[in-house]
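The figures here come from the full heavy-atom set of this structure, side chains too, leaving out hydrogens, waters and symmetry mates.
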Amino acid sequence: MDSPGSAPYRSLLARTQEIALLHSTTALLQWDQHTYMPPKATDFRAAQVAYFSGRSHRLFTDAQVGGWIAACEDAGLAGSADAEVSANVRGWRRHYDRATRLSAELVEEYEAAKVRANAAWERARAHNDFPAFAPHLEEVFTLTGRMADLWGYEATRYDALLEGYEPGARERDLRPLLETLGASSAALLGPAADRSARLPAD
């Protein structure tokens, strides 16, 4: 078994650290959008987020990254006694196989659409104007569906989306829980609304 100090493993650590810098920068831009960003900056912010997201995607889906992961697997690091090393290699493989099914252009389009949609939602919410938000929601749903189709799924597109957050989870397994929670939540809405209406405005 090769050492976690091997060149491919070190290269993967360096690459993921670089990607983490880009992700944290994107997160800061998104936080700014939700707090202090001037409304007229939306289109430029969409371009910024798309750029950093596309750059991250290209860095991780580079064929060289696939080679490093394969080298670590061939060296037995996916089954390393070091739990951190083993988890890293297995995680890199899962994320790489998933990420390489999407083009960087689609990732950029999706991320830019989310920025514009969020800005539209904030304006629509302030004016109780869902029709103004609806086209943005439809665009995000359409792009999400395209990605789900590229990832592949067993029964529903939601399976493909779940795989990104809870590997192995499926819609059919969650449906009974969600139906129970939905009924319970709906039963609370009436009493909650009545109580809110009785509270003083201040």
[X] side chain vs [Y] backbone, donor-acceptor pair below 3.5 Å:
{"X": "Gln33", "Y": "Val115", "value": "yes"}
{"X": "Arg93", "Y": "Ile69", "value": "no"}
{"X": "Ser185", "Y": "Gly182", "value": "no"}

Rounded to the nearest 0.5 Å, how far does [atom2] of [Y] lie from [atom1] of [X]?
{"X": "Arg146", "Y": "Ser103", "atom1": "CZ", "atom2": "OG", "value": "7.5 Å"}
{"X": "Ser24", "Y": "Phe52", "atom1": "OG", "atom2": "CZ", "value": "9.5 Å"}
{"X": "Arg45", "Y": "Asn118", "atom1": "CZ", "atom2": "CG", "value": "11.5 Å"}
{"X": "Leu22", "Y": "Phe60", "atom1": "CG", "atom2": "CZ", "value": "13.5 Å"}
{"X": "Leu161", "Y": "Glu166", "atom1": "CG", "atom2": "CD", "value": "14.0 Å"}
{"X": "Ser56", "Y": "Arg15", "atom1": "OG", "atom2": "CZ", "value": "11.0 Å"}

Strictly below 4.0 Å, N to O, side chains only: are [X] and [Y] in salt-bridge contact?
{"X": "Asp149", "Y": "Arg157", "result": "yes"}
{"X": "Arg98", "Y": "Glu163", "result": "no"}
{"X": "Lys114", "Y": "Glu111", "result": "yes"}
{"X": "Glu105", "Y": "Arg58", "result": "yes"}

Practice item. Please identify each residue that fulfils ring-ring contact (aromatic ring centres under 6.0 Å, His included) with Trp68, with sequence neighbours left out. Key: none
Of all the heavy-atom pairs spanning [X] and [Y], show the shortest one and how long it is.
{"X": "Glu171", "Y": "Asp159", "result": "N-OD1, 2.8 Å"}
{"X": "Ser86", "Y": "Ser80", "result": "CB-O, 3.7 Å"}
{"X": "Ala113", "Y": "Val140", "result": "O-CG2, 4.0 Å"}
{"X": "Arg123", "Y": "His127", "result": "O-ND1, 2.9 Å"}
{"X": "Ala104", "Y": "Gly54", "result": "CB-O, 4.3 Å"}
{"X": "His57", "Y": "Ala99", "result": "CE1-O, 3.1 Å"}

Around [X], counting heavy atoms of other residues, nucleotides and ligands shown, do more than 12 lie under 6.0 Å from its [atom1]?
{"X": "Asp194", "atom1": "CG", "value": "yes"}
{"X": "Arg55", "atom1": "CZ", "value": "no"}
{"X": "Tyr96", "atom1": "OH", "value": "yes"}
{"X": "Glu84", "atom1": "CD", "value": "no"}
{"X": "Arg94", "atom1": "CZ", "value": "yes"}

Practice item. Would you please test Val107 and Tyr110 for side chain to side chain contact (heavy atoms under 4.5 Å, CB included) and show each step? Key: CA-CA 5 Å; Val107 171; Tyr110 172 70; 5.8 Å; no
Cluster overlap [X] with [Y], hydrophobic side-chain contacts below 4.5 Å:
{"X": "Phe130", "Y": "Phe141", "answer": "yes"}
{"X": "Val49", "Y": "Leu59", "answer": "yes"}
{"X": "Trp121", "Y": "Leu143", "answer": "no"}
{"X": "Tyr153", "Y": "Leu150", "answer": "no"}
{"X": "Leu178", "Y": "Leu162", "answer": "yes"}

Does the side chain of [Y] come within less than 4.5 Å of [X]'s, by heavy atoms?
{"X": "Leu13", "Y": "Asn88", "result": "yes"}
{"X": "Leu102", "Y": "Trp151", "result": "yes"}
{"X": "Trp92", "Y": "Val65", "result": "no"}
{"X": "Met37", "Y": "Thr42", "result": "yes"}

Exercise for review: Using the six-membered ring wherever Trp is involved, compare the ring planes of Phe133 and His136 and label them parallel, tilted or perpendicular (cut-offs 30° and 60°).
Suggested key: parallel
